[in-house]
Amino acid sequence: MDKFKAVILAAGKGTRMKSDLPKVLHKVDGKPMVHYAIQAAKDAGATDVIVIVGYQGQLVKKEIIDFVEYAEQREQLGTGHAVKCAQPLLGTEGDVVVLCGDTPLITADTIKKLYDKHKHESNGVTVLSAIMDDPTGYGRIIRDAEGHFVKIVEHKDCTDDELKVNEINSGMYVFNAEALNASLSLLNNDNAQGEYYLTDTVAIIKNAGLKINALPVEDNDEILGVNTISQLMTAEKIMKERNQE
């Protein structure tokens, strides 16, 4: 069995939740939302799960009952920087799935499909995407005329044509571990926000000549990110329905 590790981004404060509680500890159907991403990764076959903590990291560690490893992101310098903080634990063997601690509806089934496609196509990175009726605010997956992956463009950087694209980046990926490691070392924060973006690793890996592809999720609910109380209530409702089934 190839090495398959999971990294879960759980360092954010979640200011829009209007609460001092770290965002990933808000409960969905009785459990902290980060628990669901951990469980989905394990059920999909990840042998090691690394949770990246930052804001109130001790509290997050205390609340997570699952068996995981931790990396600490002391300053919030972007998603690329967060994964960089876990670099010593990643190694260069096998593959790494990157998940978000605030998308509790992601399923093991989808992670497994993403991983299988990644292996089958021998990709450097495989992006979990979604086809959205209203893609506003999301980074777009740009493909060429033949449907091959070209790049990810953040919403604010899109041209008028790119804004019409309705395939979006969920922020979840499977990386070849060696490619991820090399690209993290090449990341820079030369952008308006002064942050290290994980999406930039995708471009770096593509420029190195490796294959990239994106797999649209079958059920868009799975990539619902919880940033507000209203989104938390939506996730709660969907999770309860799912658990009743």
Side-chain angles (χ1 to χ4, degrees), residues 1-10 33-52 68 79-80 82-83 86 90-132 135 138-143 147-152 165-181 183-184 197-206 210-225 235 238 242:
M1 176 72 187
D2 287 345
K3 271 210 160 86
F4 183 39
K5 295 187 174 186
V7 169
I8 295 171
L9 307 177
M33 48 177 164
V34 67
H35 163 78
Y36 294 101
I38 295 169
Q39 197 56 52
K42 289 187 173 179
D43 291 346
T47 44
D48 303 70
V49 176
I50 301 150
V51 178
I52 297 169
V68 296
T79 46
V83 178
L90 294 177
T92 52
E93 287 174 59
D95 302 276
V96 177
V97 61
V98 176
L99 302 171
C100 312
D102 62 357
T103 51
L105 298 169
I106 189 72
T107 63
D109 197 39
T110 292
I111 297 169
K112 199 155 173 15
K113 282 184 182 138
L114 188 68
Y115 175 73
D116 289 345
K117 181 181 177 72
H118 176 79
K119 295 305 271 185
H120 180 70
E121 297 180 358
S122 305
N123 292 336
V125 190
T126 312
V127 183
L128 184 66
S129 66
I131 310 295
M132 292 273 191
Y138 286 97
R140 306 299 201 280
I141 304 283
I142 309 300
R143 296 179 183 268
H148 298 124
F149 179 97
V150 178
K151 60 184 175 177
I152 298 170
V165 171
N166 61 357
E167 185 178 7
I168 62 99
N169 173 22
S170 73
M172 293 179 257
Y173 315 83
V174 175
F175 286 89
N176 167 287
E178 195 174 2
L180 175 60
N181 229 330
S183 65
L184 286 171
Y197 294 124
L198 191 58
T199 41
D200 289 348
T201 62
V202 178
I204 292 169
I205 291 168
K206 186 170 190 297
L210 291 167
K211 282 196 301 188
I212 315 274
N213 207 343
L215 174 72
V217 68
E218 283 164 32
D219 175 0
N220 286 359
D221 283 347
E222 288 196 34
I223 66 154
L224 175 79
I238 296 166
R242 210 188 260 179

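Given the structure is predicted, the values throughout are model-derived calculations rather than measurements. Computed over heavy atoms, backbone and side chain alike; hydrogens, waters and symmetry mates excluded.
Of the residues Lys117, His118, Lys113, the one that meets the side-chain hydrogen bond (donor to acceptor under 3.5 Å, both in side chains) test with Thr126 is His118. Just one of Val217, Leu224, Leu128 meets the side-chain contact (heavy atoms from CB on, under 4.5 Å) condition when paired with Ile106; it is Leu128. Looking at Leu9, Val7, Ile111 one by one, the single match for side-chain contact (heavy atoms from CB on, under 4.5 Å) with Leu99 turns out to be Ile111.
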From CA spacing to verdict: side-chain contact (heavy atoms from CB on, under 4.5 Å), Val98, Leu198
CA-CA 10 Å; Val98 176; Leu198 191 58; 3.8 Å; yes
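Side-chain N or O atoms of Asn181 include one that pairs as donor or acceptor with a backbone N or O of Gly91 at under 3.5 Å. Within the 3.5 Å criterion, the main-chain N or O of Leu105 finds a donor-acceptor partner in the side chain of Arg242. Checking side-chain atoms of Arg140 against main-chain N and O of Val165 turns up a donor-acceptor pair under 3.5 Å. Checked by atom type and distance alone, the side chain of Arg143 never pairs as donor or acceptor with a backbone atom of Glu167 at under 3.5 Å. Within the 3.5 Å criterion, the main-chain N or O of Ile223 finds no donor-acceptor partner in the side chain of Ser170.
Listed here is the closest heavy atom pair of Cys100 and Ile8: C-CG2, 4.2 Å. Residue Ala6 comes nearest to Ala46 through the heavy atom pair CB-CB, 3.9 Å, listed as atom of the first residue, atom of the second, then distance. In this structure, Thr103 and Gly225 approach most closely via the heavy-atom pair CG2-CA, 3.9 Å. Residue Pro104 comes nearest to Tyr36 through the heavy atom pair O-CB, 3.2 Å, listed as atom of the first residue, atom of the second, then distance. Residues Ile168 and Pro135 share a closest heavy-atom pair of CG2-CB, 3.5 Å.
In this structure, Ile152 and Ile141 have side chains that are in contact, with non-hydrogen atoms separated by less than 4.5 Å. Residues Asn176 and Val125 are not in side-chain contact: their nearest non-hydrogen atoms beyond the backbone lie 4.5 Å or more apart. The side-chain heavy atoms of Val49 and Lys5, taken from C-beta on, include no pair separated by under 4.5 Å. Under the 4.5 Å side-chain criterion, counting only non-hydrogen atoms from C-beta, Tyr115 is not in contact with Thr110. Within the 4.5 Å cutoff, the side chain of Tyr173 has no heavy atoms near those of the Val97 side chain. Here the side chains of Leu184 and Val83 are in contact, with some heavy-atom distance below 4.5 Å. The side-chain heavy atoms of Ile205 and Phe175, taken from C-beta on, include a pair separated by under 4.5 Å.
Glu121 and Asn123 are linked by a side-chain donor-acceptor pair at a separation below 3.5 angstrom, with hydrogens and angles left out of the test.
We find the CG-NZ distance between Asn213 and Lys206 to be 11.0 Å, quoted to the nearest 0.5 Å. With rounding to the nearest 0.5 Å, the separation of CG in Leu90 from CD1 in Ile50 is 5.0 Å. Atom-to-atom distance recorded for Phe4:CZ and Thr47:OG1 is 8.5 Å, nearest 0.5 angstrom. Atom CG of Leu215 sits about 11.5 Å away from atom CE of Met172, to the nearest 0.5 Å.
With sequence neighbours left out, the side-chain hydrogen bond (donor to acceptor under 3.5 Å, both in side chains) criterion links Asp102 to Lys23.
Shown here is Lys42, whose NZ atom has more than 12 heavy atoms of other residues, nucleotides or ligands within 6.0 Å. Within a 6.0 Å radius of CD in Glu178, other residues, nucleotides and ligands contribute 12 heavy atoms or fewer.
Between Asp95 and Lys119, at least one side-chain nitrogen of the basic residue sits less than 4.0 Å from a carboxylate oxygen of the acidic one, meeting the salt-bridge criterion.
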